[in-house]
Amino acid sequence: MMTNNCSSGEANEIGGFLGLELPVYDNFPQHTEASCVLLNSGRSAFEYILRCWRDEIQRIWLPYYTCLTVRQPLERLAIPYCFYHINEDLEPEQHVDEFLQDGDWLVYTNYFGIKEACVDRLCEQCQGRLIIDQALAFYSSIRDGIPAFYSPRKFSGVPDGGIAVPAGRSLPDLSPGISFPWASFLLAQAEMGVEKSSFLCERNEDRLSGIPMQGMSLLTEKLMRGIDYESAAQQRRNNFLVLKEHLDPLNRMIVDLEEASVPFCYPFWTGNPELRNALIDQKIWVPIFWPQLLEDEHVSYWDRWAAMNIIPLPIDQFCNQEQMLRIVSVIQDFFR
């Protein structure tokens, strides 16, 4: 069982109003280790790890090409940080021995859930001074002795939540957060669709940047236990392979699906960022990863260019083969 700072509800309550009827699969893909800690967001999970290892961390190296929110816990804890570049394979441009010094730790983003081999290499190269950002790789396995943090809401319909793998250390238990006042976007999306519920989703995103580190809410935990992860993982892989079969010849990025990978998206590297608008015009929703990079003066030209030109094509478990082929058709028509 996971280390769980939340109870399952009021034990003395019997009867009352009827509520959501959710299945209970309890088949978390690999987050069943006793050392995992359930928290209220991915950045809180990162902060939990930093607090656990604060006595050994003197400085953190972050990739330029990643979400700027990972800086928030570092700034709260006054941990110095600097940046490294990645190459076109989404791997560190330099060998870590060339820039990691004593007391330095590396954060590596498992990009789009397809960089498992790179993660394994870095585990060996960093000799324990590695934190894996698994926000886009929810199904990625826990590495023995290596801290990692996950963000379930990137892969499933939950309002928030994070999972920390602190690798042998722990903090005092945290009280659970509250999710229900902001979770209405999930119901709105089910009834009205993505576009009409987007303002509620944005409201939820905004509040996540300001909440303190807490335990995972009861609502989020219950929603997570009602997900068929095995089926979702297989559907994601199937959808990815449909896009890969048809779009690899047009994709400037070499995209491989390793046996252990369950991808977040199919990253399509285009030389024409107007493709994003063409997809959105056809109601194919493709975000920018990460929009803050376009305005950050400290980010290199390459990272800013990648943020604009790497388009994350949706392959989530709610999509089917017919929808994948519609994406293929829109892209092929664009390049004709």
Side-chain angles (χ1 to χ4, degrees), residues 2-7 28-31 35-54 60 62-63 66-77 79 81 107-110 113 131-140 142 147-167 169-186 189 198 200-227 229 264 287 289-292 316:
M2 286 179 281
T3 300
N4 187 354
N5 299 311
C6 309
S7 66
F28 283 63
Q30 33 62 54
H31 311 303
S35 59
C36 292
V37 181
L38 301 183
L39 295 152
N40 59 335
S41 70
R43 71 199 71 176
S44 288
F46 182 34
E47 181 174 340
Y48 188 98
I49 291 168
L50 293 173
R51 289 181 181 275
C52 284
W53 291 90
R54 184 66 184 91
I60 289 284
L62 299 171
T66 197
C67 183
L68 269 62
T69 60
V70 298
R71 303 180 190 180
Q72 294 175 1
L74 294 167
E75 291 167 356
R76 275 197 291 270
L77 299 176
I79 297 176
Y81 60 90
V107 172
Y108 177 72
T109 302
N110 187 347
I131 299 173
I132 311 170
D133 179 349
Q134 303 278 34
L136 300 181
F138 181 72
Y139 292 84
S140 183
I142 295 171
F149 60 96
Y150 297 78
S151 181
R153 67 191 179 87
K154 304 290 196 306
F155 280 74
S156 304
V158 294
D160 48 31
I163 299 175
V165 181
R169 298 194 177 189
S170 62
L171 301 174
D173 285 351
L174 296 165
S175 299
I178 298 294
S179 296
F180 77 88
W182 299 275
S184 59
F185 77 92
L186 295 170
Q189 182 170 315
S198 61
L200 291 172
C201 183
E202 291 169 3
R203 185 187 70 163
N204 183 62
E205 290 290 319
D206 291 342
R207 66 102 183 182
L208 289 175
S209 65
I211 58 176
M213 186 173 70
Q214 297 174 306
M216 182 180 288
S217 74
L218 295 176
L219 173 61
T220 296
E221 184 187 349
K222 287 179 179 179
L223 289 171
M224 286 187 64
R225 294 190 182 280
I227 296 168
Y229 291 102
F264 171 76
F289 282 154
W290 287 267
Q292 304 97 322
D316 61 71

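These numbers come from a predicted model, not from an experiment.
Minimum interatomic distance between Pro166 and Ile49 (heavy atoms only, all atoms of both residues): CA-CG1, 4.2 Å. Smallest separation of non-hydrogen atoms from Trp53 and Ala167: CZ2-O, 3.4 Å. Smallest separation of non-hydrogen atoms from Leu174 and Gly215: CB-N, 3.7 Å. Phe155 and Ala135 get closest at one heavy-atom pair: CE1-O, 3.9 Å. Heavy atoms only, all atoms of each residue included: Ala45 and Leu39 are closest at CA-CD1, 3.4 Å. The two residues Gly113 and Ala137 come nearest to each other via the heavy atoms CA-CB, 3.6 Å.
Here CD of Glu221 is found 10.5 Å from CG of Leu219. Values are rounded to the nearest 0.5 Å. Taking CZ of Arg153 as the start and CG of Leu186 as the end, the distance is 11.0 Å to the nearest 0.5 Å. Interatomic distance, Ser179 OG to Lys222 NZ, rounded to the nearest 0.5 Å: 12.0 Å. Ser41 OG to Gln214 CD: the interatomic distance, rounded to the nearest 0.5 Å, is 9.0 Å. The distance from atom CD1 of Ile132 to atom OG1 of Thr109, rounded to the nearest 0.5 Å, is 11.0 Å. The OG1 atom of Thr66 sits 10.0 Å away from atom OH of Tyr108, with the distance rounded to the nearest 0.5 Å.
Applying the ring pair (Phe, Tyr, Trp, His ring centres under 6.0 Å) criterion to Tyr81, with sequence neighbours excluded, gives Phe83. Residues passing the ring pair (Phe, Tyr, Trp, His ring centres under 6.0 Å) test with Phe289, sequence neighbours excluded: Phe264. Every side chain to side chain contact (heavy atoms under 4.5 Å, CB included) that Ser156 has, sequence neighbours left out, goes to Ile227, Tyr229, Gln317. Among residues two or more places apart in sequence or in another chain, the side chain to side chain contact (heavy atoms under 4.5 Å, CB included) test is passed with Arg203 by Trp182, Ser184, Leu200. Every residue meeting the side chain to side chain contact (heavy atoms under 4.5 Å, CB included) condition with Leu68, not counting sequence neighbours, appears here in chain and number order: Arg71, Gln292, Leu293, Asp296. Arg51 is linked by a side chain to side chain contact (heavy atoms under 4.5 Å, CB included) to Glu47, Leu77, Leu171, Met213, counting only residues two or more places apart in sequence or in another chain.
Using a 4.5 Å cut-off on side-chain heavy atoms (C-beta onward), Asp160 and Ile211 make no contact. No side-chain heavy atom of Val158 sits under 4.5 Å from any side-chain heavy atom of Met216. At least one side-chain heavy atom of Ser170 sits less than 4.5 Å from a side-chain heavy atom of Tyr48. Using a 4.5 Å heavy-atom cutoff, the side chains of Thr220 and Leu38 are not in contact.
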Inset, instruction - Give the intermediate values and the outcome of side chain to side chain contact (heavy atoms under 4.5 Å, CB included) for residues Phe149 and Leu50. - result: CA-CA 11 Å; Phe149 60 96; Leu50 293 173; over 6 Å; no
Inset, instruction - Could you please spell out the steps behind the side chain to side chain contact (heavy atoms under 4.5 Å, CB included) verdict for Val70 and Val107? - result: CA-CA 10 Å; Val70 298; Val107 172; 5.9 Å; no
Legend entry - Derivation and outcome, side chain to side chain contact (heavy atoms under 4.5 Å, CB included), residues Val165 and Cys36: CA-CA 5 Å; Val165 181; Cys36 292; 3.9 Å; yes
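No side-chain donor-acceptor contact under 3.5 Å links Arg43 to the backbone of Thr69. Put simply, the side chain of Asn40 gets close to the backbone of Pro212: a donor and an acceptor are under 3.5 Å apart.
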